[in-house]
Amino acid sequence: MAYVNTRVRKKDAMALVTGKPVYTGDLVPQNALVVKLLRSPHANALVQEIDTSLAQKVPGVCCILTYQDAPQSRFTTAGQTYPEPSPYDRLILDRHLRCVGDPVAIVAAETQAAAQKALKLVKVKYQVLEPLLDFTKAKDHPILVHPEENFRSLCDVGTDPKRNLCSTELFEMGDVEEALSHCDVTVERTFHTKANNQAMMETFRTFTYLDEYGRLTVVSSTQVPFHCRRILSNALEIPKSQIRVIKPRIGGGFGAKQSVVSEIFPALVTMKTGRAAYIAYTRQESMTNGSPRHEMQMTVRVGADRDGNIQVIDLYALSNAGAYGDHGPTTIGLVGHKALSLYGKLQAARFNSEVVYTNTMGAGAYRGYGATQGIFAVEAAVNELAAKLGMDPCAIRERNMVCQGQTMPTYYGEPNNSCALDRCMARAKEMMDWEHKYPRRVLENGHIRSVGVAMAMQGSGISGVDIGSVEIRLNDDGFYTLLLGCTDMGTGCDTILAQMAADCLDCDLDQIAVRGVDTDQSPYDTGSYASSTTYVTGMAVVKACEKLREKILETGATLLNLPKEAVEFDGKRVFQPGIDRQVSLSEIGYASYEGHSRCLSASESHSSPVSPPPFMVGMAEIDLDPDTGKVQMVDYVAAVDCGTVINQNLARVQTEGGIVQGIGMCLFEDIQYSPQGRMCNDSFLQYKIPSRMDVGKIRVAFESSYEPTGPFGAKSIGELVINTPCPAILNAIYNATGLFFDTLPVRPQDIALGLLEKQG
């Protein structure tokens, strides 16, 4: 292989670093209307009266739309395969406002100044209702977040809006209570994780226009162009055939753009006015009305014998959907099925979950997608169990971790055909020098250096659901065009898939021209989420290239007047071995366009019945000041099994980026609400994410397995890498202080006060 498992620079690298106009905001037509949203100041309210007469008189204002002007079909903004498990529980503009920031009116004007002025002149009379803000009290609460009669759920996920339930799930294996009763040591603890913002550099933004045929064209920073088309069709009540979605370069998504957040508003303006329209969320809007990680409360019970053999894990998870159920029924499943499946010798297991509605901001998809919260809770509980047993937390994992060849009953009964988790543990211990650094040492300045560990797994696409499709064409002069339906959101999937195609076709990488997503031209793909692109779409690339090779052989043989069985293809020519008879790829390309009535092209789709998990071990070394409680990251090592590494550079930066986000979740990111339901820290001045100065040294190693169902043996990597920092850092804090913390983020004052209390 010339390109797979090598370090290849991203195809769009130079365009990005030299500031070429590649993002949505760079491409907006000059005459596009500026779209702004008037947002609710109340967490729960009804619009009684709305007067736009003064605002309409502002020079440059083109239109102002309210709930009376918008379609009344309920829909979900969750970018998921149809039928979506997420309930159809929202309108574009609704008279009932369910969280602070819910849109009340859409203003479109020639300039931003005119739009901003008009916003201030829209007069609204609200009937303010008591909000439901505490998700632990939401179930069966007298305040109903969704009392409407036209609420719809397309899938049976246990939805009951009359009880504020977005979804419910129960999974059991064996007799949990019986198994716990026979355990020598048990641990029970309740964990709390808050909502986290994806904080991508490019905020939500979209522009729309009507093309020459009167069709709605939507240019947007989205991870899910084809899902976006369906969602817009549902919301706007127009056929999908009248909608085209184009995805330029994306300035980061991390799952936030797996929801249709900004697209609907300029689309409605364009449909009403016939004008191009553009909306760009401010940072404040992205933080208060985006699609952040679900806040969760999880109670874990773990039982083991005195030798450290883990017999049973019981996990209950309560998730806060917020005002709307986008991704609520699907994120919750990963909480249990990914966390429990790390342990391969369980005699019994149970995962029970409920997702509830409240009057806080609606949640959505964020890297890790529920597995992050579940793995934090289970791994933290296992670390506590190890402490109770007096065991090294690495040793208890080495004794209990899932192994290659096992069937995983808590992971939908899938086989574990590729697993280097044991080698990841050994490699991480070596990198960290665990034997000498565990558990802690006191420095001369009184600071404490300590280490902690956690392991994680994820998946590779959604088995039996996700589909990836590609088309690859041989052009005149012998170069290829690779048409993709998946979405490169900065991860480099355009490059990775081109690497695979180049190796399949034995050609130079520069011979593969890659085109991004246009729903009118690209083959259907579910989009970039669920760690699916490399594994699912990658196999579609392999299959399409195999088919195209056969067509090249056939055409070359025809041109040589030889049977197909007599010739070979080496990437540059079709030739008869041992005899000087050949035809170049360039000649085949030209010939396929000239008189042969046969353009050489291959299109293939792929969906997998399994979702093979990648694995990871993460270890954190911290410096803790016992006087102030301040934790400073010193070193983080990660040993990752993602099957065959396709691009070593991109896999490494993916891992480093996920670790930084995990550090932020553990130590920094602390969303807070006022008693009225307004988010208090709605900018980077108040909502802290780690800078380069906060994360210490990050080191990454790969321990490859070979996944037989993946392209070149590859599995996913994108989401896995965020899952170990929280439990590993908390384990290090315990080893430094003897204190167990169960709420994220862990703040310096929490540690300092805990130490004071411990000292009496």
Side-chain angles (χ1 to χ4, degrees), residues 1-20 22-23 200-202 221 223 225 247-254 460-461 468-473 479-518 522-523 525 527-529 531-545 571 606 614 640 642-658 700 702 704 710-719 721:
M1 294 182 294
Y3 294 104
V4 167
N5 200 21
T6 64
R7 294 175 171 85
V8 173
R9 189 171 70 183
K10 287 177 62 181
K11 276 186 166 288
D12 58 356
M14 293 309 296
L16 298 178
V17 300
T18 56
K20 300 294 184 186
V22 297
Y23 296 106
M200 61 281 178
M201 287 188 290
E202 181 196 33
S221 181
Q223 295 173 220
K247 186 247 9 143
R249 295 287 93 183
I250 296 181
F254 308 116
S460 301
S469 302
V470 303
E471 181 185 349
I472 187 160
R473 301 171 183 166
F479 73 98
Y480 302 96
T481 299
L482 181 61
L483 298 175
L484 303 174
C486 62
T487 305
D488 192 327
M489 52 178 167
T491 54
C493 72
D494 287 0
T495 304
I496 288 168
L497 297 173
Q499 287 176 254
M500 295 184 193
D503 274 348
C504 287
L505 294 166
D506 292 312
C507 68
D508 292 336
L509 187 63
D510 290 342
Q511 283 182 261
I512 308 288
V514 184
R515 294 307 307 159
V517 187
D518 178 336
S522 304
D525 194 291
S528 292
Y529 61 91
S531 301
S532 62
T533 305
T534 297
Y535 176 74
V536 178
T537 308
M539 277 305 297
V541 169
V542 171
K543 289 160 67 175
C545 288
H606 181 71
V640 181
C642 59
T644 299
V645 180
I646 302 297
N647 187 309
Q648 295 178 18
N649 284 345
L650 296 178
R652 188 172 303 280
V653 297
Q654 280 269 34
T655 306
E656 291 169 351
V700 179
F702 296 101
S704 295
F712 297 92
K715 299 184 286 190
S716 76
I717 192 172
E719 293 181 278
V721 292

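Hydrogens, waters and symmetry mates play no part in the numbers below; they use all other heavy atoms, side chains included.
Residues Ser469 and Asp525 come closest through the heavy atom pair N-OD2, 3.3 Å. Contact between Ala540 and His606 at its shortest, heavy atoms only, is N-CB, 3.7 Å. For the pair Cys493 and Thr533, the tightest heavy-atom approach, listed with the atom from each and the gap, is CB-CG2, 3.6 Å. Minimum heavy-atom separation, Met500 to Val4: CA-CG2, 4.2 Å. Counting all heavy atoms, side chain and backbone alike, Cys642 lies closest to Ser716 at CB-O, 3.2 Å. The nearest pair of heavy atoms linking Tyr535 to Pro711 is O-CD, 3.5 Å.
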Working for side chain to side chain contact (heavy atoms under 4.5 Å, CB included), residues Ile250 and Glu202:
CA-CA 7 Å; Ile250 296 181; Glu202 181 196 33; 4.0 Å; yes

Give the intermediate values and the outcome of side chain to side chain contact (heavy atoms under 4.5 Å, CB included) for residues Leu16 and Tyr23.
CA-CA 9 Å; Leu16 298 178; Tyr23 296 106; 3.4 Å; yes

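In this structure, Lys11 NZ and Ile512 CD1 are separated by 7.0 Å, a value rounded to the nearest 0.5 Å. Separation of atoms CD (Glu719) and OG (Ser532) is listed at 8.5 Å; rounding is to 0.5 Å. Note that the CD atom of Gln223 and the OG1 atom of Thr491 stand 9.0 Å from one another [nearest 0.5 Å]. Taking CD1 of Ile496 as the start and CD1 of Ile646 as the end, the distance is 7.5 Å to the nearest 0.5 Å. Atom CG of Leu650 and atom CD of Gln499 lie 7.0 Å apart (nearest 0.5 Å).
A donor atom on one side chain and an acceptor atom on the other are not found under 3.5 Å apart for Thr495 and Asn647.
Contact of the Val470 side chain with the Thr537 side chain is registered, since non-hydrogen atoms from C-beta on lie closer than 4.5 Å. Taking 4.5 Å as the limit, some side-chain heavy atom of Ile717 sits within range of a side-chain heavy atom of Phe702. Lys247 is not listed as a side-chain neighbour of Met489, based on a closest heavy-atom distance of 4.5 Å or more.
For the side-chain contact (heavy atoms from CB on, under 4.5 Å) with Ile472, the qualifying choice from Thr481, Leu483, Leu505, Leu497 is Leu505, the only one to do so. Considering Arg249, Arg515, Lys10 as possible partners of Asp494, the one that fulfils the salt bridge (charged side-chain N to carboxylate O under 4.0 Å, His left out) test is Arg249.
Checking side-chain atoms of Tyr3 against main-chain N and O of Leu509 turns up a donor-acceptor pair under 3.5 Å. Using modelled atom types, one side-chain atom of Ser704 and one backbone atom of Gly643 make a donor-acceptor pair closer than 3.5 Å. Side-chain atoms of Thr655 do not come within 3.5 Å of backbone N or O of Val700 as any donor-acceptor pair. A distance-only check finds a donor-acceptor pair linking the side chain of Ser522 to the backbone of Leu484 [under 3.5 Å]. Side chain of Asp503 to backbone of Asp506: no donor-acceptor contact under 3.5 angstrom is found. In this structure, Gln648 contributes its side chain and Asn5 its backbone to a donor-acceptor pair below 3.5 Å.
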